[in-house]
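Here the structure comes first, spelled out in structure tokens, and everything after it is commentary.
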Amino acid sequence: MKNEILKVIKESVDSLAFSGIPTEAEFEVSVPKRKEFGDFSTNTALVIGSMTGENPREVAKRIVAAIEKRQFTFIERLDIAGPGFINFFVNKTLFESELREILRLGGQYGASREGSGQKVIVEFVSANPTGYLHFGHARNAVVGDSVCRILSFCGYEVTREFYVNDAGRQMDMLGESVYSALARLSGLAREIPEDGYHGEYISELAEEIRESEECPQVPGDEPEAVEFCREFAYSKLLEEIKTDLLDLRVDFDNWYSERTEIHGRGPEKGKIGETLASLEDIDAVEEKEEARWFKASLYGDGKDWVIIKKDGAPTYFLSDIAYHVDKYSRGFSWIINVWGADHHSHVSRLKSSIKALGLDESSLQVLLMQFVRLVRDGVEVPMSKRTGDFVTLREVLREVGCDATRFFLLMRSSDSHLDFDLSLAKKESSENPVYYVQYANARISSLLRNSAEAGVSASEEHLGLLSYDEERNIVKILLRFPEVVHSAAESLSPHKVVYYLQELAAGFHFYYNRTRILDSGDADTASARLYLARCVQVVIENGLGLLGINAPRSM
RNA sequence: GUCCCCGUAGCUCAGUUGGAUAGAGCGCAGGAUUCCUAAUCCUGAGGCCGCAGGUUCGAAUCCUGCCGGGGACGCCA
């Protein structure tokens, strides 16, 4: 509907032939919050005024005259207000046809084809398989997942990928830590290395190994036993990670193993070797202080970085370059990484490497997530304990449930720090915003359940009976859904959907309290009101679906 | 020292590609249920949009500087 208004404006502006207006000039059509500003409003005259130097109100007058001359039946009235806004008051039949459209589209209302099947890869979580997921990973997981849902809804072909960092020193540390614990169980005086892993799960893994049939001899061939411990712990922990993520309703298409996909057999082979060779071919590598450096400063980053260490092993940075080259070669036109804010310096250095290799770094976008602070009753809960244990995702899920966890983690813009209030998330009361939205949906389901008994069914026949003033507010909120989805996709911001749903739920609760729906006096009015309620439900379900949150029929 | 994010109501935060009288939730004070789910609704109080300059018809929004909080800064991942 907004597009129709915009079309009218553009045609009218064209007919007036203002001088000095670029054809692609951007005019904005918005739905004003204040109803005296009309159903739609545009800043067109202000934009033109600032380009031509004319008085915006005079410009507005000419545009209004041009539109009025064409006598559109759906426009009831035009106003010029403030510095030169043009406000549209439209015929209510337009709203009625939009309501019919919502139910016709159902689960597809708000979806679009703007992605036109472009391939996009979203890499997120990518936690090291050296421990359980802690709660800090949860924000990344939930936001990444929701971004994927939103992009799919907008017509992108989305691949969800978890990059498994199963190569390198961290994995060796894991093996040695578990082996040490195993050795202690066998009565050897042995400490877990200082920079190893110290959580309780390490001894639990050791105990599992001891009870398994393949348990290596201790003491015995130590390197072999350490390797066994590493592999055992790795596969076990990766399974635990998958389990936790599924409990959070986060699923991946690819579990991309660094070890097998990137490293191949040693640093001179596989994708690591190829990438190193490509960088050397363009003379972007130099030897210094016995190490080899990528000259990132030549490609827009502040400084150079080591890619091959003194000991000849590749750094994480090099395998990361190789990994991203691989993403490009898999044909993705949009590459999205969801990273923690502590990785921010990696963004420019990774981009500089992409640029150096002649790839288009503008298709690589990194969504940096600010940190989460856990709070209980207003007091910060430390995320990690001295023992090396963390507050795990699993604990929080068990305590507050998936819906509340997701809702709270999605509520804030990702570049804002987030306080996760455990006591609030757990509350099943009016203070908790999760239930506010779900409750609106449950109420509507209840109405639909009761409708048969009341002899009412949702019908589009009598939508004209909806009172223009009373129900219009809800319709206008419903109509905004597609643009909210668009905006959330464009800016990778699921929180926009959260805010929107709260507003929609508020609109419905207000209406519900004020208006009888089923027993509204006559069956025709009731059928129209029920129809409207059904539309609200469609949008709430679609919106919650984008957030991965359930829409229960009863509460 | 350099770079990134943030600073908006008592608290937690939206709004930031410049637009009309800056919003929400929580908290606080009061009120609403003979009737479709009160996990709801209504009313009220509460603001130098961190500070100071600049850009212009117009700045919470853009630019510069400063202050405060968080994070990152070569052989860890």
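Letters go in sequence order (proteins before strands), and every chain restarts at 1. Owing to the predicted nature of the structure, the values given are computational and were not obtained by experimental measurement.
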Item to check | salt bridge (charged side-chain N to carboxylate O under 4.0 Å, His left out) between A/K327 and A/E161, intermediate numbers included | outcome: CA-CA 10 Å; A/K327 284 183 184 173; A/E161 187 153 292; 5.5 Å; no
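When distances are taken from the side chain of A/A442 to each of B/C36, B/A20, B/U37, the shortest belongs to B/U37. Of all nucleotides listed (B/C75, B/U12, B/U40), B/C75 comes nearest to the side chain of A/T315. Distances were taken from every side-chain heavy atom of A/H509 (C-beta onward) to each of B/C36, B/A14, B/C41; the shortest belongs to B/C41. Taking only side-chain atoms of A/R516, from C-beta outward, the nucleotide of B/G70, B/C13, B/C36 with the closest atom is B/C36. Residue A/D415 places its side chain closer to B/C6 than to any other of B/G70, B/C6, B/C75. Set against B/G15, B/C73, B/C4, the side chain of A/K303 has B/C73 as its closest nucleotide. For A/N165, whose side chain is taken as the heavy atoms from C-beta onward, the closest listed nucleotide among B/A77, B/U40, B/A20 is B/A77. When each of B/C42, B/C36, B/C13 is scored by its nearest atom to the side-chain atoms of A/D419, the top-ranked nucleotide is B/C13. Proximity note for A/K309 (side chain, C-beta onward) versus B/U37, B/U40, B/C75: the nearest is B/C75. Residue A/S416 has its side chain nearest to B/A14 when only B/A14, B/G74, B/A77 are considered.
Applying the 4.0 Å criterion to OP1 and OP2 of B/C36, one finds that A/Y511 has every side-chain N and O outside that range. Applying the 4.0 Å criterion to OP1 and OP2 of B/G74, one finds that A/R349 has every side-chain N and O outside that range. Contact check, A/Y316 against B/A77: no side-chain N or O comes under 4.0 Å of OP1 or OP2. OP1 or OP2 of B/A72 has not a single side-chain nitrogen or oxygen of A/S345 nearer than 4.0 Å. An OP1 or OP2 oxygen of B/U37 is reached within less than 4.0 angstrom by a side-chain nitrogen or oxygen of A/N450.
Contact check for A/V434 versus A/F408: side-chain heavy atoms found under the 4.5 Å cut-off.
Donor-acceptor pairing under 3.5 Å, judged by distance alone, is present between the side chain of A/H344 and the base of B/G71. The base of B/A77 is paired with the side chain of A/H346 by a donor and an acceptor separated by under 3.5 Å.
Using bins of under 30°, 30° to 60° and over 60° for the plane-to-plane angle, the ring pair A/F124/A/F252 lands in the tilted bin.
With C1' as the reference atom, B/U16 and B/A59 are 11 Å apart, rounded to whole Å. Rounded to the nearest Å, the gap between the C1' atom of B/C28 and that of B/U21 is 25 Å. B/A45 sits 8 Å from B/A29 when the C1' atoms are compared, rounded to a whole Å. Of the P atoms belonging to B/C66 and B/C75, the separation is 30 Å, rounded to the nearest Å. B/U56 sits 27 Å from B/C3 when the P atoms are compared, rounded to a whole Å. Atom P of B/U8 sits at a distance of 11 Å from the matching atom of B/C48, rounded to the whole Å.
Residue-level contact check: A/S554 touches the bases, meaning some heavy atom is under 4.0 Å from a base atom.
Rounded to an integer number of Å, the gap from A/E28 CD to B/U16 P is 10 Å. For the pair A/M173 CE and B/A77 P, the computed distance is 12 Å after rounding to whole Å. In this structure, A/M383 atom CE and B/G71 atom C1' are separated by 14 Å, rounded to whole Å. Regarding A/Y436, its OH atom lies at a distance of 13 Å from the P atom of B/A38, rounded to whole Å.
When the nearest nucleotides of RNA chain B are assigned to A/M411 and A/V306 by heavy-atom distance, the more 5′-ward of the two goes with A/M411. For the pair A/H343 and A/D519, nearest-nucleotide mapping onto RNA chain B gives the more 5' position to A/D519.
You'll find the ring centres of A/Y132 and A/F390 outside the 6.0 Å limit.
Contact detail for A/M171 and A/T130: the closest heavy-atom pair is SD-CG2, 4.1 Å. When every heavy atom of A/S297 is checked against every heavy atom of A/G302, the shortest pair comes out as CB-O, 4.2 Å.
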